[in-house]
Each structure stands twice: as C-alpha cells, then as structure tokens.
2 protein chains.
Amino acid sequence: MKNQKRTTIYDIAKKLNLNASSVSRALSNNSNVSEATRKLILKTAKELNYKQNSLASNLRKGHNQTIGVIVPRINQNFFSNIIAGLEEVTYQKGYNLIICQSNESYAREVKCVNTLINQHVSCIIISVSADFEDDSHLKNVIDQGIQLIQFDRVADNLETFKVLNDNEQASMEAVSHLIEQGYKRIALLEGPQNLNIFKQRREGYIAALKKHDFEVLPELMIENAWTKELGAVATRKLLSLPNPPDAIFASTSDFSALGVLEVANKMGVVVPDELGICGYSNESFTEITTPSITTIDQYSVSMGKTIANLFFQEIKPESKDAVPKIVSIKPKLIIRSSTLKNKKSRET
Amino acid sequence: MKNQKRTTIYDIAKKLNLNASSVSRALSNNSNVSEATRKLILKTAKELNYKQNSLASNLRKGHNQTIGVIVPRINQNFFSNIIAGLEEVTYQKGYNLIICQSNESYAREVKCVNTLINQHVSCIIISVSADFEDDSHLKNVIDQGIQLIQFDRVADNLETFKVLNDNEQASMEAVSHLIEQGYKRIALLEGPQNLNIFKQRREGYIAALKKHDFEVLPELMIENAWTKELGAVATRKLLSLPNPPDAIFASTSDFSALGVLEVANKMGVVVPDELGICGYSNESFTEITTPSITTIDQYSVSMGKTIANLFFQEIKPESKDAVPKIVSIKPKLIIRSSTLKNKKSRET
DNA sequence: TTATTATTCGCAATCGATTGCTGTAAAAAT
DNA sequence: ATTTTTACAGCAATCGATTGCGAATAATAA
C-alpha cells in the first residue's frame, strides 16, 4: 500500500547472496543456472512479490512487445471490432496494444504517431483520419524502423503492408443488386473523397451503372453525407428533385442509411417499393429496423485478426526485408428487406 | 527505412560538441541552458529526426504517463464508449492508454493486470469480468503502488476509487414506471449474481415491487438471461406460464430485451398493450426497433471522462493519501413505446 | 581592478534488466 | 592422477534519458 519501491532483481540477489545476473537468468528461463538456485530464486521472487519492470527490460533488449493502434474513433462499431480482433491475436502472442483515437483530426493523428514512436512500439497499425493531409508522419514511422500496417483507410502512395476491403467490388455488387431489383434512378451518398475508401465506393457505383448502361447523374451523387443527420438532409434534397431517385445507396455508413430510412418513413415513401435503401458496414441495428436494411458486411473482427496475423507471420520473423503486401478482403452484401422490391412477386 | 539505430541525445551532443545532459535539458525545457545552445540543439534534433525514447525516460523518472484499462469486451457499446471518454481526457493530459480485454475470463483478467503492473502504468482502470472470483490481483495492484479505479462492475469489498452507476435506483425507476403504466405482473431477466451490478438491479426491482405492494414472485425472476438468445428462451418460458407476466424488465441488457421483443412479435403478443418491455444500456438500436424499446442510459462516454478526471484531479496530485471515493452516476430512464401502455388513452 | 554572484555546461551516478566474457569448481575423459 | 570439458555464477558494460553536484566562464557589484 505504501509508495515504497518495488522489489527488483537486486533485492532478490541480495537476499540470496547471489548476483543480479543469475536472478535475471533464472527468471527468464535461460540456462546457466542450476536447478537448485533457480527454484530458490523463483521462490523468493514470489515471496517478495517481484514484478518485472518491462521498461528496463525493453530498454535493454531494444524492443518492445507492444503494438500501437490508431483509429479515428474507438467507439465506432467497425473499429472497435477491429480492435477486438487485434487484441484477440496479439494477446495470445504476449503483445500489448496501445490504442489511440485520432478523432478524425489530422493534427491529432500526427501526435498519436509520434507518441507511439517514442514508446518504441514494434508496429503501428493505422486507419487514417478523415481530414488526412499527407503521409510524412507515416513515412517517419518507417524511417524510425517501426513496422507499419495500414488498414481500411490507407495512404495509397505509401508502400506498406495494407489490409483492405475491396470497396469497389462491394459497392459494385450493391448497386448491381439494386439495378437487378428494378430500381432505375440510383442515388449515391458519398464520404470525403480524400479518403481512398470513399473514392473506391464511388468508382464501384459508377462501374455498376456503366455496366448496365445507366447514366451517371451528378445531381444524384451527394458528397459528405456520412452521419444520420446528413443522410436525412441529403434524402430530403433528393426526394424533392423534379425527377427523384427510386433508390439510395448510402455508401458512407449504415448511419446515413438510417437517416434515409427515417426520412422516407416520415414522408410516407414506402421502402422498398418506392425507394430502395442500401447501407454500408452491417451495423447491428440494420437487422432490426423496419424494414431491415440491406448492407455490406466488412468482417471487421476477422479483419482485425488478419492484420495481427500479418504482423506475426510475415513481418516479424524477418523484419529486415519483408515485402509490403496488400491483403484484400471481399466484403459481403447482406440483402435485406429495404431493397427487395421484387419480394412480393417472388413470394407469390 | 534501414533498421539502423535511432538518434539519441548522445548523437546530438556529439555533433554539437556538447554533453548529453545539456541536450536533455534543452529538450525538456529546463532552465540551465543558454538560449543560443537550446535553439541549436532543437534545430539539430529536428535535423537528425530525433525522437525521445520514452522507455529510457520513464525508467529514469520512475513513472509513466500511461494508464491501463481492462474491460470485459472492447467492442461492447458501453465499454467502447467508456474508453472513448477516457481517451478523450487522458489524451489531453498527454497520457496514453493501454487497453486489454478480459473476455469475461477471470484467468485472463489476472494476466492483464500483471502485464500492466510490469509496464509500470500509473493507474489501472478496470471493470471486472463476469466470472470474477476474488480480488487478490487487484490488491496486488495497490500493493505495487499503482492507483486503482474500478468502474461499473466492481469488487465491493475492496476499498478503492469507484465510479458506479446507481443501478438500484435506475432499476427501481424502471419498474416503478412499468407499474405506473398499469402492468401487474412484472418479470425480471437477471445477470450473474456474482456481479454487483446485477445484484443491485435485482434489489431495485424488489424494492419497487414492495413499494407498490406487489408480490415478489420467484417464478418471474429468470437468472442468466443476458444475451439476445437467452432473452428469447426466457421469454418463451415466461409466456407459457399458466399465469404469464404482462411486462418483462430485461435488466441485463438491451440485447436480451431485443430477444424478448422478437419472441413477442413472433408469437403475436402485442407490445406494449399485452406485454411491456424495458431494457438496459440504451444501445443505439433500441431507438429504432418497432416498437422502440424503453431503456436506461448510462451516460457511458461521460462516465469515461468522469473516471479520467477523477484520476487527474483527486488521485494524481497527492498520490500519497487520496481517500478512496465513490462516485455514483444516476442513469436515466428513457421511456419509449415498448412500455407506453397508456399511450392511446393519453393521446385521445 | 577585484570580489561576488549568476549562467551555463560537464561529470558521473542512476533507473532495472540483460548479456558477453571471465573465472572457478565440479564432472568427465584420458 | 592428470587433463579436458562442462556447469554455474560473478563482473561489468550496456540500453537512453535524467539530475545533483561541481567547475568554469560570464556578468555584475563593490
């Protein structure tokens, strides 16, 4: 209870008339210690309630069983699942996570990176913030000899390990699905275009339209609509067009899709008959709205595990020259009521 | 890019023909360095891309700007919000968080605690796991001179700082609300009773019943029903009783309340007319179910901030003898459609 | 000009654990 | 019985930053 100093290997050594080096060896299971003294050391270590000082150990050994993680927001489903997945794997390997959130701020992201560099983490896993500006801070990570893994939102030009969702493919599938359901004018709610993921989703949208010989109409593409509120605003605007859309693909998030749904319900626009809605992320609530919302699952927990395994299997063993690798995970379209225009005809 | 050694204060010192101590002083803004040399040092530090080694610094200074957090599950709404709140405050104070999840396992919780002790964190913030056994590992934290703050699920007998929800009060209000709405037979879905929070919620339930001269019926109290699936199972059992309940308080979580709702909908039991439902936690989905679910908001993000502030304001300034303090936060009953039996009569 | 004070900087110990090297004693081989 | 090998433990340097103390220089006062 007192703030007295913690017991060190020297305390143990002194008590046993040994040298600290022997204590260290005994505790780290190195050879060069007789079985008798090892047992003695372990016993007194327990008696004195010895706890290793990882700071000293890591300083001396020059490396750290710690991985830094930087995400925009910890309490966003996708990211908290990623972290859960990461933690699952890293824990088993005896590694710890230091977690930071950038709060979608570039300045703060830079600070987080620097803190983690100072901590001598052995790897930084990052998904960049929304107002991402340039990648000099990430370059710095590499320069300092720290492994870097980017996921989901990445700096495209930087050659690092990356774990990505195939956003374009997923987006294309979603829009194709809408087209197949018979929707004719499909609107797109977009996120900030400085983030690669939103660019890709836009491209998937365009690709799907072109593939089916649909026109790409700029007035149906609304930028920066990635909260529930902004989704609602965008929907009101879209539905009041002279020629309104009959489907909305909220490529930004399920939250904006929820905004769309609420406005539609309020305005008496029947979903899915008069308006199809598709979200992105498979947030838990999409399953239980009325109607339930079609969305895209990103396998976030398993993505977290993938990232961690990438580190342990590919990067760590030969930290000298692991070739940066891009792992692409194909998200899955989850089809629910909000886009099943043909449901009735099928059911009968 | 190379794995060459990082620049240290010695490198800077050598380049400028100075001593490392001066470099250290310059970088830490201590006095005893002339303005000229300080500027020179800062300049070359930037040139050489110097990054402090926090391991060395913390080892020498004997303390660590790091706080450890242990939660059962990172990707559970309540906990990820707590963490977000914590991070918000600690970041501003220049502190880092090391986050671990116990996965509801006591053994793993103990390991997490030990890791954090080894890391010499200055504080451990914990919500104990579901199969919590005894508090010796937490006592150990205190013995090692590390501050301990428990929140939500706490070891009652251990005198530490605690930040709690007033579960009993909240539970009582919820049940009272049900009674006022005219429900006559109110069932309770309970969590594991070795966790204080569930005990308190049970007591609130009983207190409310007694207050309104209702009988406490053991057959209406179902233990261990804290997932959606278990909630559904419990509901089926309850509704098939000869004298079934007309309201269910899922005191464990909104997820079990959701299970209740789905079973009711499936069985054609009208909510809220024939069955009232109240959950716990104010998960985001409770707002958008049909009908929306009455629940209890725990102010999780602000609770996280409260915890962090407790550390910085009360504990840190005088680490010698801060008197353990219990902060109780009153959760808020959020009344929604699932318990508004009187809605129609009111509206007319 | 000399004495005193204030600045600025270097020296060296320290935080706690690790590890290559050396020395000694015991065990094994000759 | 002597030599060689092995096992075990100690010595001391090291990781990088911090800090009390003292020395040297510059600035100020007398």
Side-chain angles (χ1 to χ4, degrees), chain A residues 3-42 44-45 48-66 115 117-122 144-145, chain B residues 3-42 44-45 48-66 115 117-122 144-145:
Chain A
N3 242 356
Q4 68 201 1
K5 272 198 281 193
R6 287 160 49 152
T7 66
T8 70
I9 53 172
Y10 295 100
D11 299 325
I12 299 175
K14 196 183 290 172
K15 182 160 187 189
L16 297 178
N17 274 327
L18 284 171
N19 189 279
S21 56
S22 298
V23 178
S24 172
R25 285 191 253 262
L27 292 170
S28 61
N29 274 332
N30 266 6
S31 52
N32 290 3
V33 189
S34 75
E35 201 49 43
T37 57
R38 141 166 305 130
K39 279 197 178 151
L40 196 61
I41 288 171
L42 292 182
T44 46
L48 297 179
N49 200 9
Y50 169 78
K51 300 280 171 186
Q52 196 200 42
N53 185 333
S54 303
L55 295 175
S57 172
N58 291 331
L59 173 61
R60 176 61 229 251
K61 290 199 284 192
H63 69 265
N64 203 328
Q65 306 255 89
T66 305
T115 311
I117 291 177
N118 290 351
Q119 293 279 338
H120 269 238
V121 295
S122 52
Q144 300 283 345
Chain B
N3 244 355
Q4 67 202 3
K5 271 197 281 192
R6 288 161 48 155
T7 66
T8 70
I9 54 172
Y10 294 100
D11 299 324
I12 299 175
K14 197 183 292 173
K15 183 159 186 190
L16 297 178
N17 274 327
L18 285 171
N19 189 280
S21 55
S22 298
V23 178
S24 172
R25 285 190 255 262
L27 292 170
S28 62
N29 274 332
N30 267 7
S31 54
N32 290 4
V33 188
S34 75
E35 200 50 40
T37 56
R38 144 167 302 132
K39 278 198 179 152
L40 197 60
I41 288 171
L42 293 181
T44 47
L48 297 179
N49 200 10
Y50 169 77
K51 300 280 169 185
Q52 196 201 42
N53 186 333
S54 303
L55 295 176
S57 172
N58 291 331
L59 172 61
R60 175 61 228 255
K61 290 199 285 193
H63 69 266
N64 204 327
Q65 305 255 88
T66 304
T115 310
I117 291 177
N118 289 351
Q119 294 278 337
H120 270 238
V121 296
S122 52
Q144 299 285 342

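Protein chains get the first letters and strands the later ones, always in sequence-line order, with residue 1 at the start of each.
Looking at heavy-atom distances under 4.0 Å, Leu27(B) makes no contact with the nucleic acid at all. Among the protein residues, Ser34(B) comes within range of the sugar-phosphate backbone only, with heavy atoms under 4.0 Å from sugar or phosphate atoms but none that close to a base. Counting non-hydrogen atoms under 4.0 angstrom, Ser28(A) reaches nothing in the nucleic acid. Using a 4.0 Å heavy-atom distance criterion, Ser22(B) is classed as a sugar-phosphate-only contact. Leu55(A) comes within 4.0 angstrom of nothing in the nucleic acid, heavy atoms only. Nucleic acid contact for Asn17(B): sugar-phosphate only, since backbone atoms but no base atoms lie under 4.0 Å from a heavy atom of the residue.
Note: CD1 (Ile9(B)) to P (dC9(C)) measures 15 Å, nearest angstrom.
Ser122(A) places no side-chain N or O within 3.5 Å of a backbone atom of Gln65(A) that could act as its donor or acceptor partner.
Using a 4.5 Å heavy-atom threshold, the side chains of Ser54(B) and Gln119(A) count as touching. A heavy-atom distance below 4.5 Å is not found between the side chains of Asn118(A) and Asn53(B). Under the 4.5 Å side-chain criterion, counting only non-hydrogen atoms from C-beta, Gln52(B) is in contact with Ser57(B).
With sequence neighbours excluded, the residues forming a side chain to side chain donor-acceptor pair (under 3.5 Å) with Ser34(B) are Thr37(B), listed by chain and number. Arg38(A) meets the salt bridge (Lys or Arg N to Asp or Glu O under 4.0 Å) test with Glu35(A); sequence neighbours excluded.
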Show me the protein contacts with nucleotides 20-24 of chain C, counting only N or O atoms at under 3.5 Å.
from: dG20(C); atom 1: O6; to: Arg25(A); atom 2: NH2; distance (Å): 3.4

Let me check something: any side-chain donor-acceptor pairs from residues 13-27 of chain B under 3.5 Å, sequence neighbours excluded? List them with distances.
from: Asn19(B); atom 1: OD1; to: Ser21(B); atom 2: N; distance (Å): 2.9
from: Asn19(B); atom 1: OD1; to: Ser21(B); atom 2: OG; distance (Å): 2.9

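Rounded to 10°, the helix from dT1(C)-dA30(D) to dT30(C)-dA1(D) has 40° between the axis fitted to its first five pairs and the one fitted to its last five.
Position along DNA chain C of the nearest nucleotide to Leu59(B) versus Thr37(B) favours Thr37(B) as the more 5'-ward residue. Both Ala20(B) and Lys61(B) lie near DNA chain C, and the one whose nearest nucleotide falls closer to the 5' end is Ala20(B). Heavy-atom nearest nucleotides on DNA chain D were determined for Tyr10(A) and for Glu35(A), and the one closer to the 5' end corresponds to Glu35(A).
Nearest heavy-atom pair across Asn58(B) and Asn64(B) is ND2-OD1, 3.4 Å. Here the closest non-hydrogen pair linking Arg6(A) and Ile117(B) is NH2-O, 2.9 Å. Taking both residues in full, the closest heavy atoms of Ile9(B) and Tyr50(B) are given as CG2-OH, 3.5 Å, listed atom of the first, atom of the second, then distance.
We find the CG-CG distance between Asn49(B) and Asp11(B) to be 12.0 Å, quoted to the nearest 0.5 Å.
Nucleotides of DNA chain D that come within less than 4.0 Å of any heavy atom of chain B span, from the 5' end to the 3' end, dG16(D) to dG20(D).
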